[in-house]
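Please read these numbers as outputs of a predicted model, since none were measured by experiment. Heavy atoms only: backbone and side chains are in, while hydrogens, waters and symmetry mates are out.
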Amino acid sequence: MAQRFVNDRTIETAVRMHEIAESIGTTGTALSVAWSKQHDFVASTIVGATSIEQLKEILVADDMILDDETMARIDAVEVEIPNAMTEDGLRRL
């Protein structure tokens, strides 16, 4: 099932998000969790870990607040690669 979400667009999005994370001294996982926590439209941030190392990486985002510049960089990726999970980038209902 996961293969339906893997395409050139999702891979490029992940690469760019990891670059943003590295530039602020964190991981892609922590960046994602912090982003999720900063949006009112996200009712809850659900995470999962299969090891203590993964849990530690997730918990780094507990008190992380992404600044406006970082949020703008993340938003820019969405503008450049809209709806990455569809091959053609079209938004679907």
Side-chain angles (χ1 to χ4, degrees):
M1 292 286 290
Q3 280 302 110
R4 68 184 174 159
F5 299 114
V6 178
N7 62 58
D8 291 341
R9 299 164 59 75
T10 57
I11 292 168
E12 180 62 23
T13 298
V15 166
R16 291 187 188 190
M17 292 301 167
H18 281 278
E19 289 171 352
I20 293 169
E22 286 179 4
S23 75
I24 63 169
T26 194
T27 64
T29 299
L31 180 80
S32 299
V33 173
W35 180 92
S36 177
K37 289 176 30 202
Q38 282 182 237
H39 285 83
D40 292 341
F41 60 81
V42 179
S44 63
T45 302
I46 300 171
V47 298
T50 58
S51 68
I52 295 296
E53 290 76 24
Q54 288 176 343
L55 184 59
K56 288 177 182 177
E57 188 175 353
I58 291 165
L59 293 176
V60 165
D62 182 47
D63 60 354
M64 182 184 294
I65 298 173
L66 302 175
D67 62 26
D68 291 341
E69 178 186 345
T70 302
M71 295 295 277
R73 291 174 63 198
I74 293 168
D75 290 344
V77 174
E78 166 64 17
V79 170
E80 292 175 36
I81 311 173
N83 201 10
M85 288 188 289
T86 60
E87 289 287 344
D88 59 8
L90 297 175
R91 296 183 184 275
R92 305 203 191 285
L93 297 176

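Annotation for D68: atom CG does not count as buried by contact number, only 12 or fewer foreign heavy atoms lying within 6.0 Å.
In this structure, the side chain of T45 does not engage the main chain of V33 through any donor-acceptor pair within 3.5 Å. Side chain of R16 to main chain of R73: no donor-acceptor pair is present (N/O by atom type, distance under 3.5 Å, no hydrogens or angles).
To the nearest 0.5 Å, the span separating CG on D62 from NZ on K37 amounts to 5.5 Å. Distance CG/D8 to CD1/I81: 10.0 Å, rounded to 0.5 Å. Taken from OG1 in T29 to NZ in K56, the straight-line distance is 15.0 Å, to the nearest 0.5 Å. Rounded to the nearest 0.5 Å, atoms OG1 (T13) and CD (E78) are 8.0 Å apart. Annotation: the span from I58 atom CD1 to E53 atom CD amounts to 11.5 Å, rounded to 0.5 Å.
Of all non-hydrogen atoms in A34 and M64, the two that sit nearest each other are CB-SD, 3.7 Å. The two atoms that bring A61 and A30 nearest to each other are CB-O, 3.5 Å, heavy atoms only.
Cluster annotation: L66 and F41 are assigned to the same hydrophobic cluster (Ile/Leu/Val/Met/Phe/Trp/Tyr, side-chain heavy-atom contacts under 4.5 Å, transitive). Grouping the Ile, Leu, Val, Met, Phe, Trp and Tyr side chains by contacts below 4.5 angstrom, directly or via other members, places V77 apart from I11.
Between M17 and I74, the closest side-chain pair of non-hydrogen atoms falls below 4.5 Å. In this structure, the side chains of H39 and M71 come closer than 4.5 Å at one or more pairs of heavy atoms. For the pair D67/I24, no side-chain contact is recorded, criterion being any heavy-atom separation below 4.5 Å from C-beta on. No side-chain heavy atom of V60 sits under 4.5 Å from any side-chain heavy atom of T27.
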